[in-house]
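Whatever order the structure lists them in is the order used to number ligands and atoms, beginning at 1.
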Amino acid sequence: MNNLTAKFMKFIESKGSKQYFFGGIAVAVLILIACTFSMSTSYSVVIDGKDMGQISSTVALNQAMNAAKEKAQQETGMEITASYNKVEAKATHGFFSSKMNNEELNTLIGENVEWLAPGAMLNINNGEIQLALASEEDAQKVLDKLKENATADLGDAIVKSVDFLEEVTIETGNVKASEISSPEKVLEKIAEGKEAVQTHKVVEGESFWTIAHNNDLSVSELQNLNPNIVPERLQIGQEISLTRLEPLVSVVVTKEVTVEEAIAHATEYKDNASLLKGESKVITKGSDGKKKVTYEVKEANGTAIEKTVLNEVVISEPITEVVSKGTAAIKISSRAANGSGVLSWPKSGKITSPYGTRSRGFHSGIDISAKTGDPVYAAAGGKVVLAGWYYAYGNCIVVDHGNGMKTRYAHLSAYNCKVGDTVARGQQIGRAGNTGRSTGPHLHFEVIINGSTKNPVNYLK
Ligand SMILES: [Zn+2]
């Protein structure tokens, strides 16, 4: 430009005229602009179609890309083939735009460009989940290990097939170098799994238990998924979380197992008129039989999803238990004291307070002397209809003997039966004590006929 300006000045001098002077200035300004324009020719760094900034030469970009590729190669130990992102330099005509220096350019490339290396992709469910590995062998190693783990502890079972529930494929080709993991890491990722997000809205008639049962969860598993929900206070419309962790790949093992199983024995009852109603006697002791059953079991991640019986061999037949069952009605008859009544004594001991009117009101039973813990026996066979705290009686048992006859045992310290139990005459049902309105340990014993208490003495043997 200095030459040009000199020539121009010479031209003006040679003309010796000042009339060209101002025109000359204008030309000079134009040339100056032209020169500035040519100097500011720059390039946009375009990554995946997005303008990321200006540089002055394409050489700088090539150098930055080569350096970044080299770095990626060293860091991953992999043969980098290309960049994952499309990186271009596009000529622009910006005036006085600020340009990146080499350091800034390197940072830009480092932060925005990923690199590809030859490897293999493990595709689960048509690529819904993709896991990158360094090679096809590594990917195969993952699949082999999954199958190996699933069949490791099967004992005597015969493995018939091992498959994946999901569609699993290996695809070789360029993969992102930064995403390549070792087979061990990929196995970890598969085990860590995904959260299968699922919720349930409580509808009428449901309980925590039925929801757990309907979703193949135990109550404690469901409780763990819903730590803030009180099972007893479930409300209609309440949202229950059924979200649980599932591995990325489910291994389905079909195996044949042979197990020994019990064959439950039946019980046959025979009426016996010489035994009282509610009483029974075992004539032939029953026992369970044994069989060998071969199942074909299909398991997904260790949980049985199908079970079919292939074969069954009986090793020993069960023996039916034969029980003699009393049919004789308990005769309700009032006998004289020390007579041969239908009831046996609930415990031995002295009568410390008789039935009937006494100073503090009517005594509805007899008190039999006892120490706390003395066994108390059923006065006849029957069904336990109460075994619990009952007001002034304290811990109390009532046995229904049928035909309108019941016996009550009060102030107990312990129970050896529960409501619904069938008890036999002389069977221990509890222990004497001092609970309820009682002044010292004793057994209060009542006989109730059609709802009214009677003097027990008249019914005792
Ligand atoms: Zn009493």
- prompt: What N, O or S atom of Asp367 is found closest to the Zn ion (ligand 1)?
  reply: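 The nearest such atom is OD1.
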task: Check His444 and report its N/O/S atom nearest to the Zn ion (ligand 1), by atom name.
output: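 Result: ND1.
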query: How far does CE of Met65 sit from OG of Ser83, to the nearest 0.5 angstrom?
result: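 Result: 4.0 Å between the selected atoms.
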query: Any N/O/S atom, backbone or side chain, of His442 lying under 2.8 Å from the Zn ion (ligand 1)?
result: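 No.
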- prompt: Does NZ in Lys176 sit with more than 12 non-hydrogen atoms of other residues, nucleotides or ligands closer than 6.0 Å?
  reply: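 More than 12 heavy atoms, drawn from other residues, nucleotides or ligands, come within 6.0 Å of this atom.
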query: Can the ring centres of Tyr355 and Phe362 be said to be less than 6.0 Å apart?
result: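 Centroid separation for Tyr355 and Phe362: below 6.0 Å.
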- prompt: Have Glu446 and Thr453 got a donor and an acceptor in their side chains that come within less than 3.5 Å?
  reply: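 No, no side-chain donor-acceptor contact under 3.5 Å.
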